[in-house]
Amino acid sequence: MSQMSSSYDPKSVEGPIFESWTKGGYFSAEVVEGVRPYCVVIPPPNVTGSLHMGHALNNTIQDVVVRRQRMTGRPTRWVVGTDHAGIATQNKVEQKLAAEGRTRHQVGRESFVEACWEWRREHGSTIIGQLKAMGCSCDYDDEWFTMDPSYQAAVRRVFVEWYQAGLIYRGKRIINWCPRCSTALSDIEVEHEDVDSHLWHLRYPLKSPVAGVDHVVVATTRPETMLGDACIAVHPDDERYRALVGSVVLLPLMGREIPIVADSYVDPSFGTGAVKVTPAHDPNDFEIGERHDCAKINVMNADATISNEGGAYAGLDRYEARKKIIADLDAQGLLVKTDDHVHSVGHCYRCHTIIEPWLSDQWFVDMKPLAQPAIEAVRDGRVAFHPKRWENVYFHWMENIRDWCISRQLWWGHRIPVFHCDACGEMVASIEDVERCPKCGSSSVRQDEDVLDTWFSSQLWPFATLGWPEPDPRVDYYYPTSVLSTARDILFLWVARMVMSGMYFNDGKVPFDDVIIHPTVFNAEGRRMSKSLGTGVDPLDLMEHYGADGMRFGLMLQVTGAQDLKFSEEKLLSSRNFANKIWNASRFVLMNLDDYVPGEPVAHTVADRWILSRLADLSTRVSEGLDTYEFGEVARLLYDFFWNEYCDWYIELAKGRLHEGGEARESVQRVLVFVLDTALRLLHPMMPFVTEEIWRSLPLSAADKAPSLMVAGWPDAAALAQHADEGAERSIGRIIEIVTGIRAVRSRYKLPNKALLEVVFKTQGDSERQWVDNEFGQMAALAGVSSFSAGVDATKPAHSATVIASGMEVYVPLEGLVDFEAEARRLTSEAQKLSGELDKFNRKLSNEGFLAKASPDIIAKDRAKAAEVSEALGLVQAQLAELA
RNA sequence: GGGCGAUUAGCUCAGGGGGAGAGCACUUCCUUGACACGGAAGGGGUCGCAGGUUCAAAUCCUGCAUCGCCCACCA
């Protein structure tokens, strides 16, 4: 705290503090033999990305757990880096070229890839800088990129091993094709959306009538695919069509003869019960086509225009072709009807273009054998999801897993390490580039043109970033990593695949013990935050307004077990104010330490015992809350303790003892410093900057000191537990009740703040009188009380208001200012409230079922409460009688 | 078609079988030597609806409604 300004200024603090962390080398960890490390790998943001709210939330969560673990003294490492993001990056670079009026095909593959690297060099570290601004304590000296040479080696190793194990194969299949990105996509990269469309009923004439029937009507949502129809399918048991099976239909517009086949896939209740089958353009039709040995006629080009197989429609865009085909069929009287129909249409997750199911040669991973051990790992708890319910989502997907299409027709990415021999047709997967065919020796060998799905490389992140497959001691030391925190939308794309590949390549060891699925951040209207829709909030702006700590703490306050988070900026405002509160409370403590000598805190007063007891409780609950990833709960605990207990009560009462000097001053200084020190440690993971800045100014004994709060010790809850003190908590609770009651009188009767009060306690026994004498005196100033007396036989002074707290009457003389009617009204409403409560208790306590079945301690508690309420009611009624 | 989540104060949300909570907003008072990004005192809720279990339900169970997600090869 170099300057003692009365408000915390994040901008002047964050830069220098971060720099000092970097200089101190606290972000890196050393291998310490025999000590289990803590390791987290960051979900690598896309190189094309800049920080959005999801990142802000996710990386705050990771930094909180990482900083906490680092403070416990474990070697702690947070691996950072970026993802090459195949499609996203390629799109960016293509856009750049387009602005210059060029296409990637014009510049060629080699130059295009070079342009991608160039793009990464220019923009790739933007997001890393933003993580630093947030205060994230990643190991920035060891930054990874999924296209690093060593990472490429890992990818090739994985591909080749899986290929050789028969888990990777090539096949001609219906895949999801994005005509704009011009690449295949995996099933989970397709986003389905309901679209208002039509179900067109088309009449297909029979070549020759059968049993008086001369046509069959089919229903379709994609009429343009009819150009590639290979047969008509009906259900074998469908009486309507039984006679037609085996006969031939003349495909309209194309004039092709196609058969009617029977296949049990067909649902007789849908549409007309007759399905046009287009094996090259629909996965189900593909299967039917296989069963009936039909031709697979591909009527579409890669850009979704109609191919040369499409006769007169060749060259038309798919939707123009649709219109024209409908019109032409209508003109020929073959359009029977057009029904409105809502159906689900797949869109590209990168560019939102409608995808086309398309027949092409692609590479696949056989997932079932990989999924089985990964299911078991979650089943038996080796990998635990938080919240637990996500396990079911994981199981459902894993148990129904389908093969993964991993080839992409892009240029930016890991090129598939398979070499084709043009001479003999041999195909070989190899870690090293292949110059000559190992089979025939020919040199006419070329590498496969396709690159791998970006997620193929991302799935290796937890071990490729530790140096695998090279023999690297870090793999043995840091793998498995400790926790993975991520958004739910990449549970399948990334998390599940990391478990599968991680186990496969690390002797069955899972890649992480815990998975945190954090809530998705939505805006105030409950809409997804999106830059393009302008519905987002920029974390950089938020840090500008609230400081990095304010943003972080404000986010932590909002993290609960829910699956959505409607972002509330007010929480950030509270958090900024909280940082300021911490700053000023600390400033107050430091201002009163000029004569301070560090030393152990010793509780001298009940207040000391109380705050230490509360601190012990806080410490336990914060550690437990972080262990179970209950960030919202932890943030609230810290906020309540620091503001409502330490500031509002302990510091306020400390003021008197500080002024008193001598031993009183020394003892309260010790406790003030000790509690502040511990609280700052507990707060540090969530608010690293402000806590570090203050902590460095604290005069601590050599044993407690460290070069940085980042590497200072995490409070030991077990050691602090010795301060637990129920008696002190009860006692201070009572005092708070009394002080608050007296303040309420002051407020109600508009007594000037400066008016010092002389109050009288009517106690119920000598021990209570003694308690008032001993304890209340220390806190009298908080109520503006200058003097007080207490006694069993105390009498109420004339013109005084009465406070009833904890079964005691406290009389506050008002010098004739009492508005008796107001006081009577107040007492009347108080009496009503109390008698209502009393009724409830009495009903409960006279219920035989309750007395027979409720646990004894509940009954005892309720009896005590009832007695208390009854007593208070009696006192209030006595007051009322007096006023009447 | 399956599954999941949400429904509590004006707003954002905690809580979770035994006297309804926080932050913000609101009302009144207070620039007192830590802090007006502050202090003090207040007002405000039949905890979505209907059943059920229980001595006791905002809390557990069942159904329903509304909103939102996810999965699924209904042409």
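Keep in mind the model is a prediction, meaning the values are calculated, not measured.
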d([atom1], [X]; [atom2], [N]) in whole Å:
{"X": "A/Leu672", "N": "B/rA34", "atom1": "CG", "atom2": "P", "value": "12 Å"}
{"X": "A/Phe588", "N": "B/rA34", "atom1": "CZ", "atom2": "P", "value": "6 Å"}
{"X": "A/Asn400", "N": "B/rG1", "atom1": "CG", "atom2": "C1'", "value": "14 Å"}
{"X": "A/Phe578", "N": "B/rG38", "atom1": "CZ", "atom2": "P", "value": "12 Å"}
{"X": "A/Lys861", "N": "B/rA56", "atom1": "NZ", "atom2": "C1'", "value": "14 Å"}
{"X": "A/Leu565", "N": "B/rA14", "atom1": "CG", "atom2": "C1'", "value": "13 Å"}
{"X": "A/Asn580", "N": "B/rG38", "atom1": "CG", "atom2": "P", "value": "7 Å"}
{"X": "A/Leu637", "N": "B/rG15", "atom1": "CG", "atom2": "P", "value": "12 Å"}

Quick test of your reading: applying salt bridge (charged side-chain N to carboxylate O under 4.0 Å, His left out), list the pairs with at least one residue in residues 629-650 of chain A, sequence neighbours left out, ordered by first then second residue.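 Only A/Arg614-A/Glu645, A/Glu633-A/Arg636 qualify under salt bridge (charged side-chain N to carboxylate O under 4.0 Å, His left out).
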Indicate whether any N or O donor in one side chain lies under 3.5 Å from an N or O acceptor in the other, for [X] and [Y].
{"X": "A/His198", "Y": "A/Asp340", "answer": "yes"}
{"X": "A/Ser186", "Y": "A/Glu189", "answer": "yes"}
{"X": "A/Asn392", "Y": "A/Arg389", "answer": "no"}

Students often get this wrong, so: under 4.0 angstrom with heavy atoms, is [X] touching a base, only sugar-phosphate, or nothing?
{"X": "A/Arg389", "value": "sugar-phosphate"}
{"X": "A/Glu399", "value": "nothing"}
{"X": "A/Thr520", "value": "nothing"}

Under 3.5 Å, which donor-acceptor pairs link side chains of residues 548-567 of chain A to any protein atom two or more places apart or in another chain?
{"unit_1": "A/Asp549", "atom_1": "OD1", "unit_2": "A/Phe689", "atom_2": "N", "d": "3.2"}
{"unit_1": "A/Asp549", "atom_1": "OD2", "unit_2": "A/Phe689", "atom_2": "N", "d": "3.3"}
{"unit_1": "A/Asp549", "atom_1": "OD2", "unit_2": "A/Val690", "atom_2": "N", "d": "2.7"}
{"unit_1": "A/Arg552", "atom_1": "NE", "unit_2": "A/Met686", "atom_2": "O", "d": "3.2"}
{"unit_1": "A/Arg552", "atom_1": "NH1", "unit_2": "A/Asp63", "atom_2": "OD2", "d": "2.8"}
{"unit_1": "A/Arg552", "atom_1": "NH1", "unit_2": "A/Met134", "atom_2": "O", "d": "2.9"}
{"unit_1": "A/Arg552", "atom_1": "NH2", "unit_2": "A/Asp63", "atom_2": "OD2", "d": "2.8"}
{"unit_1": "A/Arg552", "atom_1": "NH2", "unit_2": "A/Pro685", "atom_2": "O", "d": "2.8"}
{"unit_1": "A/Gln558", "atom_1": "OE1", "unit_2": "A/Ser568", "atom_2": "N", "d": "2.9"}
{"unit_1": "A/Gln558", "atom_1": "NE2", "unit_2": "A/Gly554", "atom_2": "O", "d": "3.0"}
{"unit_1": "A/Gln558", "atom_1": "NE2", "unit_2": "A/Ser568", "atom_2": "O", "d": "3.1"}
{"unit_1": "A/Thr560", "atom_1": "OG1", "unit_2": "A/Ala562", "atom_2": "N", "d": "3.3"}
{"unit_1": "A/Asp564", "atom_1": "OD1", "unit_2": "A/Arg488", "atom_2": "NH1", "d": "3.2"}
{"unit_1": "A/Asp564", "atom_1": "OD1", "unit_2": "A/Arg488", "atom_2": "NH2", "d": "3.2"}

So, A/Ser747 side chain and A/Arg743 main chain: donor-acceptor pair closer than 3.5 Å or not?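 No.
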Under a 3.5 Å distance rule, please check whether A/His281 uses its side chain to pair with a backbone N or O of A/Pro279 as donor and acceptor.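 Flag not set: sc A/His281 to bb A/Pro279 has no pair under 3.5 Å.
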With rounding to the closest Å, how many angstrom separate the [atom1] atoms on [N] and [M]?
{"N": "B/rG45", "M": "B/rC29", "atom1": "C1'", "answer": "26 Å"}
{"N": "B/rA58", "M": "B/rG19", "atom1": "C1'", "answer": "14 Å"}
{"N": "B/rG1", "M": "B/rC73", "atom1": "C1'", "answer": "13 Å"}
{"N": "B/rC71", "M": "B/rG63", "atom1": "C1'", "answer": "24 Å"}
{"N": "B/rA9", "M": "B/rG44", "atom1": "P", "answer": "15 Å"}
{"N": "B/rU12", "M": "B/rA25", "atom1": "C1'", "answer": "11 Å"}
{"N": "B/rC35", "M": "B/rC49", "atom1": "P", "answer": "48 Å"}
{"N": "B/rG48", "M": "B/rU7", "atom1": "C1'", "answer": "6 Å"}

A correct 5'-to-3' footprint of nucleotides 16-32 of chain B, with B, S and - meaning base, sugar-phosphate only and no protein heavy atom under 4.0 Å, is --BB---SS-----S-B
Per-nucleotide protein contact string for nucleotides 69-75 of chain B (B base, S sugar-phosphate only, - none; heavy atom under 4.0 Å): S-S-BBB
Quick one: is the NZ or CZ of [X] closer than 6.0 Å to the six-membered ring centre of [Y], and within 45° of its axis?
{"X": "A/Arg173", "Y": "A/Phe364", "answer": "yes"}
{"X": "A/Lys655", "Y": "A/Phe588", "answer": "yes"}
{"X": "A/Lys296", "Y": "A/Phe286", "answer": "yes"}

Check this for me: does any side-chain nitrogen of one of [X] and [Y] sit under 4.0 Å from a carboxylate oxygen of the other?
{"X": "A/Asp238", "Y": "A/Arg240", "answer": "yes"}
{"X": "A/Glu544", "Y": "A/Lys11", "answer": "yes"}
{"X": "A/Glu868", "Y": "A/Arg863", "answer": "no"}

Hey, is the side chain of A/Lys566 poking within less than 4.0 Å of OP1 or OP2 on B/rU12, counting only N and O atoms?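 True: A/Lys566 side-chain N/O within range (under 4.0 Å) of B/rU12 OP1/OP2.
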Kindly say if A/Lys655 contacts the phosphate of B/rA34, meaning a side-chain N or O under 4.0 Å from OP1 or OP2.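 It does, given that an N or O in the side chain of A/Lys655 lies less than 4.0 Å from OP1 or OP2 of B/rA34.
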Please step through salt bridge (charged side-chain N to carboxylate O under 4.0 Å, His left out) for the pair A/Glu660 and A/Arg665, ending with a clear verdict. CA-CA 6 Å; A/Glu660 210 176 300; A/Arg665 179 173 167 88; over 6 Å; no
Scan residues 545-562 of chain A against RNA chain B and write down, sorted by residue number, each residue with any heavy atom closer than 4.0 Å; if none is found, say none.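 A/Thr560, A/Ala562 - these, ordered by number, are the residues of the stretch whose heavy atoms sit under 4.0 Å from the strand.
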For a side-chain contact (heavy atoms from CB on, under 4.5 Å) check, start with the C-alpha distance between A/His235 and A/Tyr265, then their side-chain angles and the critical distance, and finish with the verdict. CA-CA 7 Å; A/His235 196 274; A/Tyr265 163 79; over 6 Å; no
I want to verify a distance call: between B/rA34, B/rG5, B/rA41, whose nearest atom is closest to the A/Asn584 side chain?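 Closest of the options to the side chain of A/Asn584: B/rA34.
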Could one point to a donor on the side chain of A/Glu630 or the base of B/rA14 with an acceptor on the other under 3.5 Å away?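 No such pair is found, so the answer is no.
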In dot-bracket, 5' to 3', how would RNA chain B read with Watson-Crick or G-U wobble pairs under 3.5 Å, [ ] for crossing ones and | for pairs to another strand? (((((((..((((....[..)))).(((((.......))))).....(((((..]....))))))))))))....
Can the ring centroids of A/Tyr8 and A/Trp583 be said to lie less than 6.0 angstrom from one another?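 Yes, the ring of A/Tyr8 comes within the 6.0 Å limit of the ring of A/Trp583, centre to centre.
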